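Just below is one structure, and these are the notes that go with it.
Excluded from the calculations below are hydrogen atoms, water molecules and symmetry mates; all remaining heavy atoms, backbone and side chain alike, are included. A, B, ... follow the sequence lines: proteins, then strands. Residue 1 opens every chain. For clarity, every value in this text was computed on a predicted model and none was experimentally measured.
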Number of protein chains: 2
Amino acid sequence: MTRRTYAQRCALAHALDVVGERWTLLLLRELLTGPRRYGELLANLPGMGTNLLAARLKDLAAAGLIDKDEGTYALTARGAALEPAVLALARWGAPMLAEADEDEHWSATWNVVALKYSFRPDRARRARGVLEYRVDGTRVQARGRDGEIETSLEPRGDADVVLEADGETLLAIAGGTLDPDDAEADGARRVDGERRLYRSSLRFFALG
Amino acid sequence: MTRRTYAQRCALAHALDVVGERWTLLLLRELLTGPRRYGELLANLPGMGTNLLAARLKDLAAAGLIDKDEGTYALTARGAALEPAVLALARWGAPMLAEADEDEHWSATWNVVALKYSFRPDRARRARGVLEYRVDGTRVQARGRDGEIETSLEPRGDADVVLEADGETLLAIAGGTLDPDDAEADGARRVDGERRLYRSSLRFFALG
DNA sequence: CCGGATCCGTAACGATACTG
DNA sequence: CAGTATCGTTACGGATCCGG
């Protein structure tokens, strides 16, 4: 019953004592795109046992990273503060997505994370406006003001440009495999908005 | 024998497939401050079994994160690319260092990580010069050029200012618990260099 | 002595069955 | 739908042993 801890006077060790166990960071990734119910979480974490999910949720609530409200789980401020770390890890792992693996699980909400970690503030700074991405049926809005990205799963208000692409096309653009100029021939298309903003917005996403 | 994987088409999941197991990120933290031998690693990872350390080293070498050269292990470029993620995680965990725990393990090299994640480029940008910190017997050099920090365990050349403090004092300054102006009364002291640079350099480190 | 490998008890995880 | 209970499997932790 003794909870396993690294017992090191080190910030990284303390962080890993809280979020270093299996599934924990993936669970928090889910909540980074908005509140979720138990069933939704389970569906996006294939292979995780129901008991483990329940245990993790309880632990994270006790640690102050998440709150349970009327059956749905949401990040607290402390939990949301993990976003930079999660994105940094994901950015590091992004190159490993290059080789497609057919028997991997997949969820449209993963791409919201991809949008964030591949977003290049320096490139988007001058483009004011709301961009809306429709990826595999999921709508994501991003606005480039002040060089920061704000994504929201529940779009509020109209977007200045709406573009649509499947996840593979998006990842290929961000990964540098697909040139943005060729994206339109490869699955991305403009649904609404100015053509010029559409073209430039494809260049807002890249690694490195 | 089937290696455990999340099998998700997600950058974070792929990253965690490589560095998400127990001890792995702490092991990489050690190598972030320079090459190490097997024995040195084991000494700074108390509680880790010798078999586990050997297995992790083998796995990380196979994954291309580290190289073994004449008995010492060192990060590859791919492994060093994890630094932003490691620092982001450590920065998130830093507030949890506030309450001192007497029965935690401790190593002087961990403060090098603390130096990095609590370094504020915006504050140090105008101060050109080489700073040398001597923390609990370990010498660390940092130079603020272009607002970036470069730390090296093996100091090269002379520093413009040399200051000395114990780990607790340093962490207290970075954490905001200790005002830099009071630091000198609380264990920090200037060993060499201009007094003015010394004073200002204490303000280069903070969280948030 | 350093750098592991082998073995074994324990804790964590994974899958399924079961319940309010 | 949202978990709890149970149990077989895997990973980890600690100790001991081995080769250079």
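- Computed from coordinates, the Asp17(A) CG to dA12(C) P distance equals 12 Å when rounded to whole Å.
- Contact between the side-chain N/O atoms of Lys58(A) and the OP1/OP2 oxygens of dA2(D) is not found at any separation under 4.0 Å.
- Following rounding to the nearest Å, Leu53(B) (CG) and dC2(C) (C1') show an atom-to-atom distance of 13 Å.
- Between Phe205(B) and Tyr133(B), the ring centre distance stays below 6.0 Å.
- As rounded to whole Å, 13 Å separates atom P of dG3(C) from atom CZ of Arg36(B).
- In this structure, Arg22(A) is positioned above the aromatic face of Tyr6(B), its NZ or CZ under 6.0 Å from the six-membered ring centre and within 45° of the axis.
- Comparing Ala54(A) and Glu21(B), the nucleotide of DNA chain D nearest to each residue sits closer to the 5' end for Ala54(A).
- Sorted by first and then second residue, the salt bridge (charged side-chain N to carboxylate O under 4.0 Å, His left out) pairs with a member in residues 47-73 of chain A form an empty list; sequence neighbours excluded.
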> Where along nucleotides 13-20 of chain D does protein come under 4.0 Å, by heavy atom, of base (B) or sugar-phosphate alone (S), with - for untouched nucleotides?
Replying inline: BBB-----
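- Taking atom CG of residue Leu27(A) and atom P of nucleotide dG14(C), one finds them 13 Å apart after rounding to whole Å.
- OP1 or OP2 of dA11(C) has not a single side-chain nitrogen or oxygen of Arg3(A) nearer than 4.0 Å.
- Salt bridge present: Glu83(B) and Lys116(B) bring a charged side-chain N and a carboxylate O closer than 4.0 Å.
- Rounded to whole angstrom, the span from the CG atom of Asp59(A) across to the C1' atom of dA12(C) amounts to 12 Å.
- Cation-pi contact between Arg189(A) and Tyr198(A): absent, since separation from the ring centre below 6.0 Å together with deviation from the ring axis within 45° is not met.
- In this entry the distance linking NZ of Lys68(B) with P of dC2(C) reads 15 Å, nearest Å.
- The distance between atom NE2 of His105(A) and atom C1' of dG14(C), rounded to the nearest whole Å, is 13 Å.
- The shortest heavy-atom contact between Asp186(A) and Thr169(A) is O-OG1, 3.1 Å.
- Residues Arg9(A) and Glu104(B) are paired through a salt bridge, judged by an N-O separation under 4.0 Å between the basic side chain and the carboxylate.
- When rounded to the nearest whole Å, the span between CD of Glu70(A) and C1' of dC1(D) equals 16 Å.
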